[in-house]
2 protein chains.
Amino acid sequence: MPDSSLSPLPEAAGPGRVANRSLSVTDQIRDAILGGTVSAGERINEVRFSKTLEVSRTPVRAALQALAGEGLLDYAPNRGFTVREFPLSAIVDAYEIRASLEGVAARFAAERGLSAEERAIIEESLVAGDKLLARGEFAEGDLTIYRGINGDFHDTLLGAARNRMLAEMIRICHHVPMSSSRNIVAFEHRDVRRRHDDHHRIYEAIMAREPWRAEILMREHVSGVKSSLVKSLIERGEQADIVNGSAAG
Amino acid sequence: MPDSSLSPLPEAAGPGRVANRSLSVTDQIRDAILGGTVSAGERINEVRFSKTLEVSRTPVRAALQALAGEGLLDYAPNRGFTVREFPLSAIVDAYEIRASLEGVAARFAAERGLSAEERAIIEESLVAGDKLLARGEFAEGDLTIYRGINGDFHDTLLGAARNRMLAEMIRICHHVPMSSSRNIVAFEHRDVRRRHDDHHRIYEAIMAREPWRAEILMREHVSGVKSSLVKSLIERGEQADIVNGSAAG
DNA sequence: CCGCAGCAAAGTGAATACAATTAAATCCGA
DNA sequence: TCGGATTTAATTGTATTCACTTTGCTGCGG
């Protein structure tokens, strides 16, 4: 089948002028992968992409190499790139890894301290979350808003860790593609409430300059998301064995 | 100055035939970076490398992109690649991150269990280490041998974790270039003895199927290397402030 | 009917040529 | 002499072309 929904970039896309084609092609192909336009395990054909995106093979190849670096593609010499498959067990593991890494990030942040600006953003996220959760139930769109609040909290803390390698690794964990239907997990009000309480405690630990407490709290916080995911998967009954294979032995 | 000690690949290098030029060029450039032939912060000139390595710019560019993916190079559009600088604080942090990741790997290994082959390799490494350390002091070349033993232990355990992302992240931590003079750290017999004891305990925890104990032990094990590094740096008196900047606030 | 050899088509790898951007040097003009 | 604009060189980005590898097909022989 032809690559539907993968169109060439319109000329001079808006105000933020694109640096070069390779980068924009990278974004487009990444979106195609994450969005499921090209399915997992599929082998990528360079000429097809170059025709679809209306560029030569050169920027396409550059993009594919970049995406392989991000871990989204596999490369085999003389055989090109294939979309990496992420079994359920790998997705679950990714949460575990992220929990560990974000724990370290929280520790670093507590050791190094937050800038005034960072404190402001985090406190704002805490207040905004409190307000959103005060009513005891969600209105339409609230979840999307909370997703932003949550992102601000984590991103700011990650920045405060002041370590690029750590940030990149966590970013890779976030990019692990989870077939989007499964991504809908633990969106009950009670769960979000609990997570937001975690945020408060983590922030307190960091402000109190208690690095190890911050690490443990953050680790448990992220790990909780994994547990929710596993739980909801088991409840739906699907592939419980695979989840098991990764959690037990 | 011209790129000394960076020579083109001899034709048909030995029995293991090289897959393609990009890959071998990648290895050569990586070695040049890690070996210090090209210095940190330096901007990389594509044509110079292509002349030195006697290939066209195409495989050179491919290699540079791959290395950027590994985190060794920075990329700026229309400005090319530069060798990433690793301040002492980043090197110290890398140990901390690796400790956390290898801890997770040990936990996974304990959860998932070891194959017969893996058990064999690890037990062999333990025995070999015991034998090497029995005499109470090192002979010439013993340290190189122990380095191999140590590598077997960690690599095998990492394989037993059965998670590719984890393995790649740890590999990145290992590739953080530390100006090789500083790399000589904690090579006293007593320290190595202590590390080898750690290996025994970690293996016991894994065989006893105690995931969390395995994780804590491994974490502390790797973290100990960091402590030795910091200690030896402070003793040499150099850049103690930078180390501080990463450990305090 | 199965298997293997050889051939043809498709796809990737590398080199060269060209375009666009950036950095440097030069040439004014104040 | 200094500042700045303009031109020139150097360097990166993209396209095109050719070479090589892989793969699938075809047909011959068993």
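Naming convention: chains lettered A, B, ... in sequence-line order (proteins, then strands); numbering from 1 in each chain. Values below: every heavy atom of this structure, side chains too, minus hydrogens, waters and symmetry copies.
Residues meeting the side-chain hydrogen bond (donor to acceptor under 3.5 Å, both in side chains) test with B:Glu118, sequence neighbours left out: B:Ser115, B:Arg162. For A:Tyr75, the ring-ring contact (aromatic ring centres under 6.0 Å, His included) partners are A:Phe81, not counting sequence neighbours. Scored by the side chain to side chain contact (heavy atoms under 4.5 Å, CB included) test, A:Arg61 finds A:Glu46, A:Arg57 as partners (sequence neighbours excluded). Under the salt bridge (Lys or Arg N to Asp or Glu O under 4.0 Å) criterion, A:Arg164 pairs with A:Glu168, B:Asp74, not counting sequence neighbours. Scored by the ring-ring contact (aromatic ring centres under 6.0 Å, His included) test, A:Tyr146 finds A:His196 as partners (sequence neighbours excluded).
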For nucleotides 12-15 of chain D, which of its nitrogen or oxygen atoms have a protein nitrogen or oxygen under 3.5 Å away, and what is each distance?
{"from": "D:dT12", "atom 1": "OP1", "to": "B:Ile44", "atom 2": "O", "distance (Å)": "3.0"}
{"from": "D:dT12", "atom 1": "OP2", "to": "B:Glu46", "atom 2": "N", "distance (Å)": "3.4"}
{"from": "D:dG13", "atom 1": "OP1", "to": "B:Tyr75", "atom 2": "OH", "distance (Å)": "2.6"}
{"from": "D:dG13", "atom 1": "OP1", "to": "B:Asn78", "atom 2": "N", "distance (Å)": "3.1"}
{"from": "D:dG13", "atom 1": "OP2", "to": "B:Arg61", "atom 2": "NH1", "distance (Å)": "2.7"}
{"from": "D:dG13", "atom 1": "OP2", "to": "B:Arg61", "atom 2": "NH2", "distance (Å)": "2.9"}
{"from": "D:dG13", "atom 1": "N7", "to": "B:Arg57", "atom 2": "NH2", "distance (Å)": "3.0"}
{"from": "D:dG13", "atom 1": "O6", "to": "B:Arg57", "atom 2": "NH1", "distance (Å)": "3.2"}
{"from": "D:dT14", "atom 1": "OP1", "to": "A:Arg21", "atom 2": "N", "distance (Å)": "2.4"}
{"from": "D:dT14", "atom 1": "OP1", "to": "A:Ser22", "atom 2": "N", "distance (Å)": "3.4"}
{"from": "D:dT14", "atom 1": "OP2", "to": "A:Ser22", "atom 2": "OG", "distance (Å)": "2.7"}
{"from": "D:dT14", "atom 1": "O3'", "to": "A:Arg21", "atom 2": "NH1", "distance (Å)": "3.4"}
{"from": "D:dA15", "atom 1": "OP1", "to": "A:Arg21", "atom 2": "NH1", "distance (Å)": "2.6"}
{"from": "D:dA15", "atom 1": "OP2", "to": "A:Ser56", "atom 2": "N", "distance (Å)": "2.8"}
{"from": "D:dA15", "atom 1": "OP2", "to": "A:Ser56", "atom 2": "OG", "distance (Å)": "2.7"}
{"from": "D:dA15", "atom 1": "N7", "to": "A:Thr58", "atom 2": "OG1", "distance (Å)": "2.8"}

